[in-house]
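In what follows, chains are A, B, ... by sequence order, proteins preceding strands, each numbered from 1.
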Amino acid sequence: MKEILVVDDSATMRRMVMASLRDLKNVNFKEANNGLEAIEQLVIAPVDLMILDLNMPDMHGLEVLQFVRSHQSYSSIPIIVLTTRGDESSRNNALAAGASRYLTKPFEPRSLALAAQELLNQNLCQL
Amino acid sequence: MTNLFSSFLDDYFAECDEHLMAIRQNLLFVEPYVNQPLLSRSILDKLFGSFHSIKGLSGMVGVNEAEQLAHEMESYLRALRDNKVVLTTEGLDALLSGTKILEEVITAYRIQNPAPDIVPICDRFRTIFTKPEAQEQEQSGLQEKVELNLSGQSTPTVPDTQPKTLKSLKLKPEESIQLAAALEEGNRAWQFEFLPGTEKAARGINVNTVRQRLQSIGELIHAEPIALENGGIAFDFIVVSHADTDTFADWEKDGITYLPYSQQEIKSQTSKVKSQNEEWESGITPEPQHPRKAENLDRLSPTPPLVPSPTALFTVAPSNVVRVDLARLDELMQMVGELVITRSRLEDNLNNLKPILPASHLRTLRETNLTLERQLRDLREGVMRVRMVPIGEIFVRMQFAIRDLVKQTQKQVVLEVSGETTEIDKFIVERMINPLLHLVRNAVSHGLEEQQERVRCGKSPQGKIALRAATVGEIVTIEIEDDGRGVDVEAVTSSAREQGSLGADTTLSSETLLDLICSSGFSTRKEADLTSGRGVGMTIVKNTVTELGGFLSLDTQVGRGTRFIIQLPLTLAIADALIVSVSGQTFAIPLSSVHEITQVPSADVTLYPTFANASVLGGEWGDKFFKPLRESKWENNEMIAHRGTVLPLLRLARIFNLENEIPSSDAEDNLYPTLKKELNTQTNIPQSINSQSLLNLIVVGNGFSAAAIVVDRILGQREIVVRPLTDPLVQVRGIAGATELGDGYPVLILDIIALTRAARIKN
């Protein structure tokens with residue numbers, strides 16, 4: 001079973017993300033409402049893929065990304081940054097900080113599912 | 001967008017509603033900062049976040065107008081937040097109108113109407129705030145955060161040499177300012193550290209609950225994850241608080257340790273901020289118009305009184321909230337109601353078993369039945385609680401309406417709000433929004449005088465409007481009060497006479513006054529204007545309140561002000577009631593309004609003849625039941641002395657024509673009042689009074705509106721499922737609804753408020 005952590009401060013958006021990924025096989029979803037909660041989830045149980053929103057209160061998604069990448073135990077987790085249209089300028093920042101993929105909202109459910117599947121497979125190969 | 005997301009429309013609307021509510025609330029907090037350089041950053045962050053979320057969600061479900069408008073508003077807020085522009089009056093106005101239009105766009109989409117035109121408002125934002133060049137925009141927003149991470153410290157990994165020492169934290173400049181301001185107010189700063197873990201999470205101790213705990217003792221300034229040397233992760237928080245260490249000393253068992261956050265540390269932080277500011281000024285980011293320097297700290301401390309700690313307002317993490325369609329809750333309540341009826345039936349059947357079952361068996365059955373009743377009651381309360389929402393949501397809308405009107409009318413208004421946490425059924429709240437808005441608009445546009453007039457009358461130039469809510473028993477009272485000119489009784493009287501709804505010689509009591517104001521099409525104005533409308537608003541107010549089983553009353557004094565009092569039931573669905581019978585008919589009396597059940601000798605009843613004028617029997621009500629009496633100009637008011645006061649007796653048999661009506665009088669009445677009085681005692685009063693029998697009385701109502709209802713028998717106490725009688729053909733004043741006790745026969749529920757009002761005796 002693969003664990004996917006969906007980080008977004010909007011519950012509806014999290015549900016939309018999960019709905020887009022529901023056809024993936026053998027996955028289990030976890031949710032986090034903010035950056036700190038996302039990091040806590042990593043500590044509590046292993047995560048195979050993180051889908052991360054950028055504009056969140058308290059801790060910006062970019063900070064979460066940087067923290068995870070700099071941490072010895074979690075740096076290799078694939079992370080899809082999923083952010084709202086108009087923030088495209090942050091694409092370079094996000095990729096530079098170590099985002100595995102960069103998608104914008106509104107997103108095509110299929111492209112998100114495809115990206116997620118790809119990253120999960122990759123991760124499998126690495127193991 | 002894709003069909004996949006259309007199933008999320010309800011969630012979309014609900015979440016947008018939440019954000020719009022938060023936006024309205026936060027915009028009110030922002031208002032005092034117009035043209036002030038230093039605006040509370042955390043509120044701007046929240047506003048920005050709300051618009052950002054609406055924009056993102058609208059894009060997903062394909063509400064493009066909302067996405068576009070939210071984008072414009074978000075850009076403006078970003079500029080405000082990053083101190084590139086100062087909030088102007090035009091800016092605030094645009095934000096307010098934009099919010100309104102945004103709401104309209106979303107509502108239009110919900111009810112499948114064409115969306116309003118957003119081009120003018122988008123243009124307005126573009127003129128107020130000329131967007132920076134594309135390149136500059138690229139730097140905005142995220143740039144600052146990236147900057148922070150690149151400046152100063154290298155990686156978040158901080159050596160964890162000694163366990164109980166402070167880890168150095170990276171405060172953002174605005175956080176340092178916030179910290180310094182809080183310390184100046186005499187708070188102490190603490191650094192808390194929490195080590196998250198699986199076992200703790202299972203016990204419900206996680207970063208969110210810890211954060212809530214910290215917010216409960218003071219102001220949370222900063223939160224940051226720390227990578228520990230052993231590969232673990234800790235969360236560090238800086239909190240400023242007045243609280244004693246005793247408050248959080250035993251949190252250590254939950255893995256929350258603390259140390260004072262040293263002055264030293266703070267100083268170095270502040271100096272870092274300064275150097276960062278200088279860095280900024282050197283050209284990476286555009287120079288803020290009002291750099292956050294020490295002298296600006298003073299500006300932050302005198303926070304306007306309207307602003308409570310912004311963090312305290314929305315501490316509930318949205319992830320803990322489940323949204324449910326109200327219709328589903330209605331169904332659930334309906335099912336609970338049916339369960340209640342079934343249990344009543346079970347109890348009746350149990351009683352039938354009494355002669356055949358051995359006592360021991362019967363007892364255990366009864367115990368089970370009682371347990372079932374208790375559990376059902378808990379279930380009912382649980383469902384009821386789910387339906388409750390704080391009334392503050394409406395109050396915020398009302399504040400908005402007032403603000404809009406104040407601008408149009410040039411009046412100054414001080415608003416007092418109390419009891420905004422009072423909870424009330426969601427259904428009732430939804431239905432009451434428009435009526436309450438109408439009352440508030442009336443208060444501002446008609447109630448309050450122009451400034452000069454107020455000064456002339458010796459009042460303060462600022463008008464006062466108070467919104468209050470409170471729960472007493474199972475009744476919620478909402479009051480809207482202004483200290484304006486009061487209702488002009490003269491004008492209402494003459495208008496009413498012109499329109500023929502009031503006799504030439506009758507005077508007005510507050511009830512008839514209210515009835516007149518609320519009668520359809522009544523207006524003292526010759527022409528409708530923007531704010532006052534055409535006189536149908538009050539009719540809607542009154543009808544809505546009545547439909548909800550509530551009561552509207554008015555208290556006004558010329559020159560002193562007007563107060564509307566709305567009493568509403570806490571919830572509509574299920575209530576405890578006393579079941580009584582009168583003349584063979586069964587009635588239910590809501591237990592919440594019953595004060596006492598007593599018996600008095602019928603000889604104690606005294607007869608008190610009063611002049612039955614319009615002031616006692618207003619409008620429709622009087623016509624329906626007391627017309628014959630009014631025509632005769634006489635009314636039999638039976639009274640009883642009770643606990644040092646006098647209570648009018650209510651005979652349901654007479655009110656609902658369950659027995660022979662009192663014969664109408666003839667012309668002699670006017671000539672021989674005393675004789676008639678005696679005659680009444682002899683002939684019109686039911687037999688029971690003349691005999692020495694006892695009367696069963698149920699004392700209901702409060703204070704001046706208390707009355708005693710005469711009943712033949714009291715059958716018991718039951719939980720009843722209230723089914724309102726909404727069909728105008730079967731509506732009867734004095735009857736609030738109907739219920740069923742499990743035997744299939746309907747039982748009418750008495751409307752105590754209406755009955756006692758009618759019984760109230762005027763001198």
Side-chain angles (χ1 to χ4, degrees), chain A residues 8-17 19-20 22 31-45 53-64 66-74 82-90 92-94 96-97 104-110, chain B residues 1-2 4-5 7-8 11-12 14-16 19 42 45-46 48-49 52-53 55-62 67 71 74-75 137-143 145-146 148-149 155-157 195-198 200-202 206-208 211 223-225 227 231-233 235 317-321 323:
Chain A
D8 199 308
D9 57 326
S10 156
T12 309
M13 194 58 86
R14 291 199 301 269
R15 291 185 53 197
M16 287 173 168
V17 168
S20 310
R22 67 181 162 199
E31 295 176 63
N33 184 44
N34 56 59
L36 294 184
E37 206 184 323
I39 291 168
E40 185 178 41
Q41 289 288 342
L42 298 182
V43 179
I44 290 171
D53 180 31
L54 285 190
N55 247 305
M56 290 185 293
D58 290 352
M59 193 178 180
H60 197 273
L62 217 49
E63 293 172 274
V64 178
Q66 284 171 331
F67 182 83
V68 174
R69 285 289 176 255
S70 68
H71 195 283
Q72 44 184 345
S73 323
Y74 309 109
L82 184 59
T83 189
T84 308
R85 188 158 68 190
D87 296 339
E88 280 88 347
S89 53
S90 55
N92 291 339
N93 290 335
T104 53
K105 303 175 203 166
F107 58 88
E108 263 305 324
R110 225 158 8 112
Chain B
M1 198 83 239
T2 333
L4 179 68
F5 297 130
S7 58
F8 290 103
D11 294 277
Y12 164 71
E15 193 163 330
C16 284
H19 286 303
S42 67
D45 270 339
K46 282 191 176 118
F48 175 83
H52 186 79
S53 296
K55 170 177 137 185
L57 288 169
S58 299
M60 292 301 293
V61 295
E67 185 189 4
H71 174 74
E74 177 205 57
S75 308
Q137 196 191 359
E138 273 192 15
Q139 286 188 349
S140 65
L142 287 170
Q143 185 67 25
K145 310 259 183 183
V146 181
L148 273 174
N149 287 323
T155 59
T157 324
L195 292 163
T198 319
K200 281 177 201 144
N206 56 47
V207 68
N208 283 337
R211 194 200 312 230
E224 187 181 323
I233 287 178
F235 292 110
S319 61
N320 297 335
V321 178
R323 297 191 199 92

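- Contact annotation for A19(A): both backbone and side-chain heavy atoms come within less than 4.5 Å of a heavy atom of chain B.
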Could you please spell out the steps behind the side chain to side chain contact (heavy atoms under 4.5 Å, CB included) verdict for N208(B) and N34(A)? CA-CA 9 Å; N208(B) 283 337; N34(A) 56 59; 3.2 Å; yes

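- Closest approach of G231(B) to S73(A), counting heavy atoms only: O-OG, 3.5 Å.
- Atom CZ of R69(A) is surrounded by more than 12 heavy atoms from other residues, nucleotides or ligands within 6.0 Å.
- When all heavy atoms of T84(A) and G56(B) are compared, the closest pair comes out as CG2-CA, 3.8 Å.
- Side-chain contact between M13(A) and L57(B) is present, with heavy atoms from C-beta onward closer than 4.5 Å.
- A 4.5 Å side-chain heavy-atom check between V61(B) and M16(A) finds at least one atom pair inside the cut-off.
- Considering all non-hydrogen atoms of both residues, H71(A) and A227(B) come closest at CD2-CB, 3.4 Å.
- Closest approach of E15(B) and S10(A) over heavy atoms only: OE2-OG, 2.6 Å.
- The closest side-chain heavy-atom distance from D45(B) to P57(A) is not below 4.5 Å.
- In this structure, chain B has a heavy atom under 4.5 Å from the side chain of Q72(A), while its backbone stays farther away.
- With a 4.5 Å cut-off on non-hydrogen atoms, T12(A) touches chain B through its backbone and its side chain both.
- Applying the side-chain contact (heavy atoms from CB on, under 4.5 Å) test between P225(B) and each of I39(A), V68(A), V64(A), L42(A) identifies I39(A) as the sole match.
- Using a 4.5 Å cut-off between heavy atoms, R22(A) contacts chain B through its side chain alone, with no backbone atom that close.
- Counting all heavy atoms, side chain and backbone alike, E40(A) lies closest to F235(B) at N-CZ, 3.7 Å.
- The two residues A223(B) and L36(A) make their nearest non-hydrogen contact at CB-CD1, 3.6 Å.
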